[in-house]
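Have a look at the structure below before the remarks.
Residues: numbered from 1 along the sequence shown. Hydrogens, waters and symmetry mates play no part in the numbers below; they use all other heavy atoms, side chains included.
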Amino acid sequence: MRRSISCWRALESGLLFTALAVGFFAASMAAPRLAQWLGHQSIAIGALVLAAGHALQYAVIFAIAKDHAVFWMIPVLLIEGTGIGMIMAPMVATVLAGLPPQFAGVASGVLATVQQVGNALGVALIGILFYGKLGDAAGRYVNPDAWTGAFGANLLYLLVLSLGVAVLFQRLPRRIAQ
């Protein structure tokens with residue numbers, strides 16, 4: 001008998017999510033070569049890879065809810081991690097491109113601050129969406145389908161945001177996007 005993913009111990013969950021870290025690490029290490037190969041589109045392509053990962057995860061979570069086939073999460077998390085690495089690694093170079101050297105320290109500090117604030121707001125918005133989708137049932141045992149639906153709503157939100165990053169990056173002037 002298989003245990004539900006919600007009954008996993010911390011080590012089991014951590015090992016599963018190692019796939020995300022592996023994808024992020026590999027893409028971050030390959031980012032200079034990817035940026036050279038893909039040119040100014042590397043961030044936009046990374047956002048599309050991330051969006052593809054979110055779309056695949058959306059499909060997979062409904063399969064997991066039915067048969068607990070958690071192993072399908074490994075390639076999906078690897079794809080998502082790769083997309084995140086393709087976005088985050090070249091972002092500093094993109095933000096600092098074209099700035100006079102005397103402003104590099106201030107600009108990188110502002111970037112780090114914006115990333116931290118963005119992460120905090122993102123977690124808050126995802127939590128609001130997730131628990132808003134669960135509604136009154138959030139404080140007590142809920143049918144697993146309700147949790148799957150709430151997580152699916154979050155994935156759709158993240159999918160739209162990832163696609164938005166790809167589209168907005170196309171709107172950047174070429175000299176900044178390089």
dist Y131:OH -> N154:CG (nearest 0.5 Å) comes out at 10.0 Å
Inter-residue atom distance L16.CG - L11.CG, 0.5 Å rounding =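 Nearest 0.5 Å value for the CG-CG distance: 11.5 Å.
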Atom pairs and distances, donor-acceptor, side-chain atoms in residues 76-93, under 3.5 Å, two or more places apart:
residue: E80; atom: OE2; partner: H54; partner atom: ND1; Å: 2.9
residue: T82; atom: OG1; partner: L78; partner atom: O; Å: 2.8

Please answer: with hydrophobic residues joined when any side-chain heavy atoms are less than 4.5 Å apart, are [X] and [Y] in the same cluster?
X: L38; Y: I43; result: yes
X: L34; Y: I45; result: yes
X: Y157; Y: L48; result: no
X: V160; Y: F130; result: no
X: F151; Y: L156; result: yes

* Which atom pair, heavy atoms only, marks the closest approach of F169 to A44? ->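 Heavy atoms only, the tightest pair is CD2-CB, 3.9 Å.
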Taking every heavy atom of K133 against every heavy atom of A150, the minimum-distance pair comes out as CG-CA, 3.5 Å
- Query: When you look at CD of Q36, are more than 12 heavy atoms from neighbouring residues, nucleotides or ligands closer to it than 6.0 Å?
  - Reply: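 Open.
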Could you tabulate the donor-acceptor pairs under 3.5 Å formed by side-chain atoms of residues 103-128, not counting sequence neighbours?
residue: S108; atom: OG; partner: A104; partner atom: O; Å: 3.2
residue: S108; atom: OG; partner: G105; partner atom: O; Å: 3.0
residue: T113; atom: OG1; partner: G109; partner atom: O; Å: 2.9
residue: N119; atom: ND2; partner: Q115; partner atom: O; Å: 3.3

Check: residues 19-30 side-chain donor-acceptor pairs under 3.5 Å, at least two apart:
residue: S28; atom: OG; partner: F24; partner atom: O; Å: 2.8

